[in-house]
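These numbers come from a predicted model, not from an experiment. Protein chains get the first letters and strands the later ones, always in sequence-line order, with residue 1 at the start of each. Because only heavy atoms are used, hydrogens play no part in the values below, and waters and symmetry mates are left out as well, while side chains stay in.
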Number of protein chains: 2
Amino acid sequence: MNSPLPHTGKADGTVGKALEVLDSVAAFERPVKFTELLEQSTYPKATLYRLLQTLVNQNLLSHDPETGNYSMGLRLIRLAHAAWENASLAPIARPFVEELAAGAGESVHLAQLDNGQVIFVDKLKATDRFETLAQVGKVAPAYCTGVGKAMLAYIAPKRLDIVLQQQSFFPYTQATHRSAESLLGELPTIRESGIAFDREEHEEGIVSIAAPIFISNGRVIGALSVATSTMRYDLDRLTVFRDELLSTADKIGRQASSWHFPG
Amino acid sequence: MNSPLPHTGKADGTVGKALEVLDSVAAFERPVKFTELLEQSTYPKATLYRLLQTLVNQNLLSHDPETGNYSMGLRLIRLAHAAWENASLAPIARPFVEELAAGAGESVHLAQLDNGQVIFVDKLKATDRFETLAQVGKVAPAYCTGVGKAMLAYIAPKRLDIVLQQQSFFPYTQATHRSAESLLGELPTIRESGIAFDREEHEEGIVSIAAPIFISNGRVIGALSVATSTMRYDLDRLTVFRDELLSTADKIGRQASSWHFPG
DNA sequence: GAATTCAGTTCCAAATACTGGAACCGACAC
DNA sequence: GTGTCGGTTCCAGTATTTGGAACTGAATTC
């Protein structure tokens, strides 16, 4: 479906290896056979086999004996529910996000940074009745999304260095930043205005206006954006959302602080 | 928040142990300190410490150095997205579920069986605009929910034995089955009608009518229910949903079969 | 302000689990 | 019947994990 996945660094211990395999199953985005995994893997047959077996035992993968296919396991969904409920910004932010979405009449995205990637923890679209949750958990690159850049503009310099390493700078569109330098050039502007734009950098025809969310000690913990299509709003007109967006981001930050949000 | 969690059997290898720890963090449903985990754990201090460290490295947990709290990691959400997208029934069933929800004007739940527990992979409520996804990933006992019993009625006898072991038979309400025998007594009735009822067995005031979903080889892969409150429908009147429910379950099953759904 | 706790972290030799080459198995094809 | 190709199992060598005990540093008591 899409391009180069920046891959996690060190695989410490067996657990790391198992997760690496789990990721590689996830990357296929469909049920996958042993052999397919094998040729894609650095591990020898026997090792991979045992790793898969462990994952299946643990219900992190499921294995259909009839077809020999491996697919993702339901235990992940259970675990993620716990993560979403009490470690993501989403439940705290929910009411504010709803309000913003209703007012704006466009999609609102709530994102956090995970390992140099943007991960969407909530998405709401005022119009569609049902659309939503197919999207939660989706990831996107940080360097070419509004929410991503909004967060990068404010993270600690040493963390920024690490995160920059993890960016692929794959040129999704004409407007995509192609290098760390190019991206770094934009960050001061973002800091000045407190707002980041996605100028069709990730997907042709999609633009967004994003704001960072801060916790009381000054750290960024997430970002919020209003995204829309160039069919309905051009870039300049996106600023109509600016004030609402900033005030919502602020409210979420306050709420998170009073909840002792981890970060 | 609720009662006894039936706990996974064997912890094979390091991966199993790590996941056990991960589960125990999840069970707290809030950020948790090292010590709290320690007293709850069977592992010695040093071991638990290293296990936690590994999980944090792997982004399955996050650790706030200021407060010393551990909480669930965002990587789980990313992984779960993959699981939800291509290993759960939800994306396949979505359109049918929407239709049913719209027609019924009540909540529709789509569930699968994981390790003897019911896990909700989708929930829709026709009325609320936003409610939904806080619920996806939630688990419930199989022995006292409509969807759970609908599935139990059709799984292979040897698998049923295992699953029965995993039930706690905790008496949530007056109507809850208190033993395997009691539960087994109901299953033939379910098989005759192709429909299972939740008669306020899990929660006072909540009732549901549920139907199993079969794949072409005859195996149950999930269940679908319409749930409502006794304020609006009493048990008998729930049967108004029967035909729609059965036909939707059937459509989902067909669709899943043609997609070579794992199971 | 020295003495005592206590949470959290590090050490290290012993115990254990993981590794991967090679051999094996069963199904299908030729 | 023989060959090939997924997939699974064996087993000795090796790398990881283990956990008692000792350490650190911050907070609490005396």
*Asks:* Could you check how far CG of L48(B) sits from P of dA7(C), rounded to whole Å?
*Replies:*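 After rounding, the reported distance stands at 14 Å.
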*Asks:* Tell me, please, which residues at least two apart from A249(B) pass side chain to side chain contact (heavy atoms under 4.5 Å, CB included).
*Replies:*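 Result, side chain to side chain contact (heavy atoms under 4.5 Å, CB included) vs A249(B): A211(B), I213(B), L224(B).
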*Asks:* Whole Å only: how far is the CD atom of Q53(B) from the C1' atom of dT10(C)?
*Replies:*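 Result: 10 Å.
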*Asks:* Rounded to whole Å, please give me the gap between NE2 in H63(B) and P in dA7(C).
*Replies:*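 Distance, rounded to whole Å: 14 Å.
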*Asks:* Under the side-chain hydrogen bond (donor to acceptor under 3.5 Å, both in side chains) test, which residues partner Y154(B), sequence neighbours left out?
*Replies:*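 Per chain and number, Y154(B) pairs via side-chain hydrogen bond (donor to acceptor under 3.5 Å, both in side chains) with no residue.
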*Asks:* Excluding sequence neighbours, so at least two apart, what forms salt bridge (charged side-chain N to carboxylate O under 4.0 Å, His left out) with E36(B)?
*Replies:*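 Testing E36(B) for salt bridge (charged side-chain N to carboxylate O under 4.0 Å, His left out), a comparison that skips the adjacent residues, returns R30(B).
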*Asks:* Give me the first and last nucleotide of DNA chain D, going 5' to 3', that has any atom under 4.0 Å from a heavy atom of chain B.
*Replies:*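 Listed 5' to 3', the contact boundaries are dT17(D) to dG20(D).
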*Asks:* Can you name the residues that form a side-chain hydrogen bond (donor to acceptor under 3.5 Å, both in side chains) with E203(A), not counting sequence neighbours?
*Replies:*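 Checked E203(A) against side-chain hydrogen bond (donor to acceptor under 3.5 Å, both in side chains); zero matches.
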*Asks:* Can you list the residues that meet the side chain to side chain contact (heavy atoms under 4.5 Å, CB included) rule with A180(A), with sequence neighbours excluded?
*Replies:*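 For A180(A) the side chain to side chain contact (heavy atoms under 4.5 Å, CB included) partners, ignoring immediate neighbours, are L164(A), F169(A).
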*Asks:* Among residues at least two apart in sequence or on other chains, which ones pass side chain to side chain contact (heavy atoms under 4.5 Å, CB included) with E66(B)?
*Replies:*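 With sequence neighbours excluded, E66(B) shows a side chain to side chain contact (heavy atoms under 4.5 Å, CB included) to N217(A), D64(B), given in chain and number order.
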*Asks:* Just to verify, what does D250(A) make a side-chain hydrogen bond (donor to acceptor under 3.5 Å, both in side chains) with, not counting sequence neighbours?
*Replies:*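 Counting only residues at least two positions away or on another chain, D250(A) forms a side-chain hydrogen bond (donor to acceptor under 3.5 Å, both in side chains) with R254(A).
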*Asks:* What bend angle does the helix from dG1(C)-dC30(D) to dC30(C)-dG1(D) show across its length, from five-pair end axes and to the nearest 10 degrees?
*Replies:*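 Both end axes considered, the difference amounts to 20°.
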*Asks:* Got a second to check how far I252(B)'s CD1 is from I221(B)'s CD1, nearest 0.5 Å?
*Replies:*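 Rounded to the nearest 0.5 Å, the CD1-CD1 separation comes to 8.5 Å.
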*Asks:* Only counting residues at least two apart or in another chain, list the ones meeting side chain to side chain contact (heavy atoms under 4.5 Å, CB included) with P91(A).
*Replies:*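 Checked P91(A) against side chain to side chain contact (heavy atoms under 4.5 Å, CB included); matches are E85(A), S88(A).
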*Asks:* Quick one: what's the B/S/- string for nucleotides 13-30 of chain C, heavy-atom cutoff under 4.0 Å, read 5' to 3'?
*Replies:* -----SBBB---------
*Asks:* Please identify each residue that fulfils side-chain hydrogen bond (donor to acceptor under 3.5 Å, both in side chains) with N59(A), with sequence neighbours left out.
*Replies:*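 Not a single residue meets the side-chain hydrogen bond (donor to acceptor under 3.5 Å, both in side chains) criterion with N59(A).
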